[in-house]
Structure formats: structure tokens, C-alpha cells
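Below is one structure, written out as C-alpha cells; comments come after it.
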Amino acid sequence: TGLGRGRQMDACFRLLREVQAQAGPGRGPDVVTFNAMIGACLECGEPARALEVYSEMVSGGVHPNGHTFSSVLRSAGLMGDAKRAMGLFQELRGWGVAADEVTYSCLIRALAEGGEWEAAFQHFQDLQAAGGRPNVVVHNSLLTACERSEQWAAALQVLRDMQSQGMEPNNITYNTVLSTLAKCKRLDVAVELFEEMKASRSPAVQPDLITYSTLLTGCDRVGRWELAMELFQEMQKKGEEADVIACNALISVLGKGGKGGMALQVFEDMKSMWMIADVVTYNTLIRALGTCGMWEEALQILQDMRDVGWRPDHYTYVAIISALGRGRQVERALALFQQAVTEGVAVDAPMYNALVAACSRSGQWHWAEREVEAMKKAGLQPTVATYMALLDGLRRGAQGDRALEVFVELRGEAIQPS
RNA sequence: CCCCACGCGACUGUUACG
């Protein structure tokens, strides 16, 4: 466990093998040993290896227990593998292990990550039907399932059910519902719920830093930067100290609102508050500036980012290429794309899409065509966004016939036109 | 033998490709 927390996976495995080598009658790795190993794999961000250890454990005749299953269910969740999670839950039954609240929260969480919100509800109801009384955490996990699958009405219903059953929702409960509403662009409902939190008599329910950040994201989704600013100030007035995540969310919403200058100001304020701007901050700011047409400033921020020692990642490149595209700076966009390749940053569809869009916006439809070809050659399937960017270029270049051909082509690739 | 202790598990926010 200690080695796992210290991200020393290899050392964990060496230790496990050592224990196995010294195994004798009544001596050797037991459930707890294996559970600790599985937990260490999770700690190190290796859910697949966690599942391998589990297989090794059961094939070695060691009986898994409840802890084992919660960990392997979490592993399946991290891999977004709902099927596997359901299979593991069956295995738990086969071993005669009792499923408790932790087991259910992990199972529901795994189903959530796999997008299987209906299955999550099904298991939740099974638990209730079996006479179980899911606790707050299990409810919150179910809400996470709603959040991931963007089921805001279901999420609200879960909250109301909790209240009518006399179960005390906590901040996490409210924040998860708010996040669902934000994702579904229901800021109106979110604000109502926020008011409900403020009016709550429960000490466990009071808007916190996460509540405010969630609302900022909600504002971002619907382009309400003024409200976002108000909320941010209200938060500070209440003594909640803004963190990097909240500032990043604020920068994002300001960018979408066309307030590049204000976004830059937030960035400056962060520095004066000794806050460490992280990679997300830089990426968000670059995107914000790009959205506002401020590509020169965006390039400057990219430089600053490097100067302070951050490595641009693929979000950075997508943001900067798209910023340059908006500024009709194709050559620069192409150069930066090349740089991404040189630096070993994974080139994916979004990056090509931004590049194709940059070509198109600059009126270089034949370059756009060339990049789409390059994309295919790289083994990447063009997406709707790719075709939209390409069609935009053909439209600008008055290439009607070619546009029709491309349209037929995309239909043939079973791409759903918007 | 009993009691106790120790070791393993769960929930919320930030950068969406056109």
C-alpha cells in the first residue's frame, strides 16, 4: 500500500513476487495482500493491471472478499468498461460475497463511466428491492451516472426522492446535480437549486468552492459571462478562496463571451495571488484568446507557458492551431502542427480538424483537402467536424461540384451530417 | 480462548474538433 501511494508499482510487484517465492504452508499472499496489490495498481493509474492481479489471485485459489470487488469494480469503471463491471458483479455473487454499500457505489460508478445509466438505476432498485437502504454515497454515485449520461431530470428526481425519504443530501449531492444541469445547459434550473442550497438549514449543505466552479461551467455552456463574474465575486465575498480550477473556469467563460482582455486580467490576478497557473490554465487562456481573435496574444501565452516550464500538450496545440485558423494564419498553423509532431504530442482527429479549418478559413481549400488525405493516411477516420471544416473551405472557394462529391463521400462513410 | 489494536475498498468542479 505504501509503495502504491508512492507510485512504485514495480517495487510492489517485486515485493509480491518475493512473498510468493517464500510461500509455504500457512504462509504466503492472502486476500489482504492481493487487495493491497490491486489497490496499488489503481493508485498508479493502471486499472488493467489491477484486473490482471485479480485474475491471478482467483486462479491461485485465494478467495476474493468485498474489498477485492470494490477495487476491481473501480478498475472496470476507470476503464469505462460497464460490461466487465457487470460480469465482476456476477462473479461476486458466485463467490457468495455479500455486496454492501461500498460495492454498490463502485458498481454504479463503473456503470456510470460506461454510460450505462439505466443499468445503474436497475442495480440501485435491485438493492432497494432486496431490503437494502442505499446511503448518501450510493445515491451520489447514482447521480454521477446521471451526470455522465446527461440525465438531468432523473438526477433531480433522485434528489427529491432522497429528501422525501428523509435522507440528508450533502454538498456532493447538490454539486453533482448542479454539474448535471450545467452539462445539459439548464442553467435556469441550476440557479434555482443553488438558491435552495443557500436556503438550506443543513450545515452539510452550503455552497462551496466546487458549487461555484460548477456554476461557472454552467454559465460557460450557455455563454453567460456576466453572471459568471457575479458568481465569482460573490464566492470571494463569502470567503471562499478561489483555486486554479475556479479561475480556469472563469477564463473559459470569459473567452466564450468574447472577453479576451478580461480573461487575460484573470490570469494576471492569479499570478499576483501567487496561484500556480497549470497546463489547463494556459490551454484555456490560449483557447479564450483564440476565440476572441487575439492570436498574437495566444502565441505569447504559449511562449510564457514554455518559459515557466510547462510542456504544451495536445489540448494546447488544438487551441493554438484553432486560434491561428481564426486569425487566418495558415502557415503558422501548419508550422505548429509540425512542431507538435516533432515534440511527440499525439496527433488525433481534433488536431487535424483544427488544421483543416485553418486551411479553409484562409481560403486554401486545396490545402484543406491535402490535410484530410494526410489524416486518412495517418489512419485517422475523418469526423463530422472534419467534413464541416472541409466543406467550409470548398464553399469559400466556390467549389460547388467538389463539395457535392465530398458530401456523397461522407454519406458513404456513414457520417451523420448535422 | 476472549477482548482490543493494526493492514486493503466508494461519491462532486476546470481546457469540447467545425
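In what follows, chains are A, B, ... by sequence order, proteins preceding strands, each numbered from 1. Fair warning: this is a prediction, and the values are worked out from it, not measured in the lab.
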For [X], which contact category applies under a 4.0 Å heavy-atom criterion: base, sugar-phosphate, or nothing?
X: A:Asp348; answer: nothing
X: A:Leu209; answer: base
X: A:Val32; answer: base
X: A:Ala249; answer: sugar-phosphate
X: A:Thr214; answer: sugar-phosphate
X: A:Ser322; answer: sugar-phosphate
X: A:Gly255; answer: nothing
X: A:Ala349; answer: nothing
X: A:Thr1; answer: sugar-phosphate

Quick one: which of [options] gets closest to the side chain of [X]?
X: A:Thr383; options: B:C11, B:C17, B:U12; answer: B:C17
X: A:Thr217; options: B:U14, B:C17, B:G9; answer: B:U14
X: A:Asp30; options: B:C11, B:G7, B:U14; answer: B:G7
X: A:Ile172; options: B:C11, B:U15, B:A10; answer: B:C11
X: A:Ala385; options: B:U12, B:U14, B:C17; answer: B:C17
X: A:Arg287; options: B:C11, B:A16, B:G13; answer: B:A16

Using whole Å, what does the distance between atom [atom2] of nucleotide [N] and atom [atom1] of [X] come to?
X: A:Leu187; N: B:G13; atom1: CG; atom2: C1'; result: 15 Å
X: A:Met197; N: B:G13; atom1: CE; atom2: P; result: 14 Å
X: A:Asp100; N: B:A10; atom1: CG; atom2: C1'; result: 9 Å
X: A:Lys183; N: B:U14; atom1: NZ; atom2: P; result: 8 Å
X: A:Leu142; N: B:U12; atom1: CG; atom2: P; result: 13 Å
X: A:Asn248; N: B:U14; atom1: CG; atom2: P; result: 10 Å
X: A:Met57; N: B:G9; atom1: CE; atom2: P; result: 14 Å
X: A:His314; N: B:C17; atom1: NE2; atom2: P; result: 7 Å

Working to the nearest 0.5 angstrom, can you tell me the gap between A:Glu405 CD and A:Arg402 CZ?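 Result: 5.0 Å between the selected atoms.
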Roughly how far, to the nearest 0.5 Å, is the SG atom of A:Cys292 from the CG atom of A:Leu264?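 Result: 9.0 Å between the selected atoms.
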Give a yes or no on whether a donor-acceptor pair under 3.5 Å exists between the nucleobase atoms of [N], that is its base, and the side chain of [X].
X: A:Asp220; N: B:G13; result: no
X: A:Asn65; N: B:G9; result: no
X: A:Asn353; N: B:A16; result: no
X: A:Ser213; N: B:G13; result: yes

For a quick test of reading the model: is some side-chain N or O of [X] closer than 4.0 Å to OP1 or OP2 of [N]?
X: A:Arg109; N: B:G9; result: no
X: A:Lys256; N: B:A16; result: yes
X: A:Arg5; N: B:C8; result: yes
X: A:Arg74; N: B:G9; result: no
X: A:Arg361; N: B:C17; result: no

Would you give me the side-chain donor-acceptor pairs under 3.5 Å for residues 240-255 of chain A, sequence neighbours excluded?
residue: A:Asp243; atom: OD1; partner: A:Ile245; partner atom: N; Å: 3.3
residue: A:Asp243; atom: OD1; partner: A:Ala246; partner atom: N; Å: 2.9
residue: A:Asn248; atom: OD1; partner: A:Thr281; partner atom: OG1; Å: 2.7
residue: A:Asn248; atom: ND2; partner: A:Val244; partner atom: O; Å: 3.4
residue: A:Asn248; atom: ND2; partner: A:Asp278; partner atom: OD1; Å: 3.4
residue: A:Ser252; atom: OG; partner: A:Asp220; partner atom: OD1; Å: 2.7

A cation-pi test, strictly: NZ or CZ of A:Arg49 under 6.0 Å from the centre of the six-membered ring of A:Phe13 and no more than 45 degrees from its axis. Yes or no?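 So A:Arg49 does make the cation-pi contact.
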Counting only heavy atoms not in A:Lys271, do more than 12 fall under 6.0 Å of its NZ?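 For A:Lys271, atom NZ is crowded (more than 12 foreign heavy atoms under 6.0 Å).
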Over 12 foreign heavy atoms within 6.0 Å of CZ, A:Arg311: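 No, not enclosed.
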With a 6.0 Å cut-off on the ring centroids, do A:Tyr282 and A:Phe267 count as close?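 Under 6.0 Å, so yes.
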